[in-house]
Amino acid sequence: MGSLGVDFVSPNEEMEMEFDSSVFPPFKLSQIRASIPKHCWVKNPWRSLSYVLRDIIIVFALVTMAIFIDNWKFWPIYWILQGTMFWAIFVLGHDCGHGSFSDSALLNSVVGHILHSFILVPYHGWRISHKTHHQNHGNVEADESWVPMPEKIYKELDFATKFFRFKIPFPLLAYPIYLITRSPGKKGSHFNPYSDLFQPNERKCVVTSTLCWTLMAALLFYLHDVVGSLQLLKLYGIPYMIFVMWLDFVTYLHHHGHEEKLPWYRGKEWSYLRGGLTTIDRDYGVFNNIHHDIGTHVIHHLFPQIPHYHLIEATKAAKPILGKYYREPKKSGLIPIHLVENLVKSMKQDHYVSDNGEIVYYKTDPKLFNFSGKKDE
């Protein structure tokens, strides 16, 4: 308290009260890189392959158990466990796409194709679009994954598109559609080598992945004749949908649903560093190890070459540099139930961004679902 009865606020307290995450950070990407121990950058192909072996063994063990037990009390348990393992397999294929699996481009490609084709993901098609996402994270104009729609595009959408985009559970089933048609306002397909997603020199890669995907689809069609549609649905179809829900749930929450509104950028305000700092780490409880620590997302986005098994250590080392720009994830219980609230709240409030301005925040359409929250600011 000052002598005139005015509360005195120290500079540190003022900074704490007024911290703005959109302010250009006082550190450089090179400083974050330098803070991370050198061994965190080392890729061990044998260690990476051991995770592949672990996950494949679990997948086939679950299939064997389901066939042997064949009890409706066990099937729901199988679906959840197997769907989670499909998601874990996706993450390992994702590491292949980033080159963090090994230093061998051939090994990355072979393993990535096997893992992603098994869960009906076109490896190169997705790898290339995901690379675009990382290179442009946080950029309204160029980002690829769960990018916010400008107000003009949003208002041109029909009600059905808005409904399926924001009404849970439908957004959690979006991934297969995204692979075929991309997001609203974007054109192209992950299967078409002539899509806007790809450069001419990438077309052969896309064709290869589409052929691998087709072979897996043909195998499933054959198994349909061998084991029957119901058995295939139970063994593969429902776990596949659980995997899709995991993927949409996790990838959405790594860029949305934080307690404070986070900025998106355009034009000169965007930079690789600023965009990467808008990503969010999440704690998934017991699933952290199962899905290969994908929740340590900030450092992964800034440095996707770091193997997943070094991300926790790398994040811990970088936090003193990141300071308040790093948002500590809320501690999860065994099951990350708390994240469902983040998802629901974000889907109700984060609908579009302004057509103008180089630093923008999500706005709410108060008419959608008769949401009664705050009006657009």
Side-chain angles (χ1 to χ4, degrees), residues 21-22 126 128-190 195-197 244-245 247-258 260-271 274-280 297 301 342-377:
S21 59
S22 70
W126 176 84
I128 293 166
S129 76
H130 189 65
K131 181 181 178 181
T132 300
H133 164 55
H134 270 258
Q135 291 175 333
N136 299 279
H137 44 212
N139 189 323
V140 175
E141 299 169 320
D143 201 346
E144 175 62 27
S145 178
W146 292 114
V147 59
M149 286 177 280
E151 185 174 3
K152 181 180 179 181
I153 292 177
Y154 175 83
K155 291 188 174 179
E156 289 174 351
L157 299 178
D158 56 44
F159 177 77
T161 302
K162 294 177 183 177
F163 181 87
F164 287 111
R165 170 62 178 79
F166 296 104
K167 185 66 174 179
I168 295 174
F170 301 110
L172 297 180
L173 304 173
Y175 185 64
I177 300 171
Y178 164 72
L179 289 177
I180 298 170
T181 64
R182 296 177 75 192
S183 304
K186 295 180 180 289
K187 297 180 180 179
S189 167
H190 289 76
S195 168
D196 294 341
L197 279 165
V244 167
M245 295 178 76
L247 187 151
D248 285 323
F249 179 74
V250 171
T251 56
Y252 183 86
L253 286 176
H254 282 161
H255 301 274
H256 299 76
H258 194 259
E260 63 174 287
K261 283 193 174 185
L262 299 179
W264 288 78
Y265 301 100
R266 287 191 183 98
K268 295 180 180 179
E269 288 291 344
W270 181 84
S271 72
R274 293 180 88 181
L277 293 176
T278 66
T279 60
I280 306 166
H297 207 65
H301 244 270
N342 294 85
L343 176 69
V344 172
K345 182 179 179 181
S346 180
M347 286 293 175
K348 286 182 176 180
Q349 296 183 358
D350 299 337
H351 298 149
Y352 62 87
V353 295
S354 173
D355 295 324
N356 304 307
E358 294 192 337
I359 301 179
V360 294
Y361 296 84
Y362 266 112
K363 293 185 176 184
T364 302
D365 178 0
K367 297 179 181 179
L368 189 63
F369 315 130
N370 295 317
F371 176 61
S372 59
K374 294 181 180 179
K375 294 183 178 180
D376 297 352
E377 296 177 356

Under the side-chain contact (heavy atoms from CB on, under 4.5 Å) rule, collect the residues that match up with Asp350, sequence neighbours excluded. Tyr252, Ser346, Tyr362

Contacts table for residues 179-186: side-chain donor-acceptor under 3.5 angstrom, sequence neighbours left out:
residue, atom, partner, partner atom, Å
Thr181, OG1, Ile177, O, 3.1
Arg182, NE, Glu144, OE2, 3.2
Arg182, NH1, Lys187, O, 2.4
Arg182, NH2, Glu144, OE1, 2.6
Lys186, NZ, Asp143, O, 3.1

Could you walk me through whether Asn136 and Val147 pass the side chain to side chain contact (heavy atoms under 4.5 Å, CB included) check? CA-CA 10 Å; Asn136 299 279; Val147 59; over 6 Å; no

Does Asn342 use its side chain to pair, donor to acceptor, with the backbone of Gly257 at less than 3.5 Å? yes

Measure the shortest side-chain to side-chain distance between Tyr265 and Ile359 over non-hydrogen atoms and say whether it is less than 4.5 angstrom. yes

A side-chain contact here means heavy atoms from C-beta on lying under 4.5 Å apart; do Pro263 and Thr278 qualify? yes

Do Ile168 and Val344 have side chains that get closer than 4.5 Å, going by heavy atoms? yes

Note: Lys268-Glu358 ion pair, threshold 4.0 Å (strictly below): no

His351 and Met149, any side-chain heavy atoms less than 4.5 Å apart: no

Side chain of His254, backbone of Thr251: donor and acceptor closer than 3.5 Å? no

Output yes when a side-chain donor or acceptor of Thr364 lies under 3.5 Å from a complementary backbone atom of Pro366, and no otherwise. no

To the nearest 0.5 Å, what is the distance between NZ on Lys348 and CG on Leu368? 11.5 Å

Measure the spacing between OH of Tyr361 and CD of Glu260 and express it to the nearest 0.5 Å. 8.5 Å

Which heavy atom of Val140 sits nearest to which heavy atom of Val360, and what is that distance? CG2-CG2, 3.9 Å

Quick one, Lys162 and Tyr154 - any side-chain contact, counting heavy atoms below 4.5 Å? yes

Tell me every residue that passes ring-ring contact (aromatic ring centres under 6.0 Å, His included) with Phe170, counting only those two or more places apart in sequence or in another chain. Phe163, Phe164

Quick one: closest heavy-atom pair of Glu151 and Asp355, and the distance? N-OD1, 3.0 Å

If you take the centroid of each ring, where Trp contributes its six-membered ring, are His137 and His297 closer together than 6.0 Å? no

Closest non-hydrogen contact found for Glu141 with Gly267 is OE1-N, 3.5 Å

Within the structure provided, determine whether Leu253 and Ile280 are in side-chain contact (heavy-atom separation under 4.5 Å). no

A side-chain contact here means heavy atoms from C-beta on lying under 4.5 Å apart; do Ser21 and Leu277 qualify? no

How close do Pro148 and Val353 get, counting heavy atoms only, and between which atoms? CB-CG1, 3.8 Å

Are the side chain of Arg266 and the backbone N or O of Gly357 linked by a donor-acceptor pair below 3.5 Å? yes

Could you tell me the separation between the CZ atom of Phe166 and the CG atom of Asp365, rounded to the nearest 0.5 Å? 8.5 Å

Between Ser145 and His255, a side-chain donor and acceptor under 3.5 Å: no

In Å and rounded to the nearest 0.5 Å, what is the CD1 to CG distance from Ile128 to Leu197? 8.5 Å

His133 versus Trp146: any side-chain heavy-atom pair under 4.5 Å? no

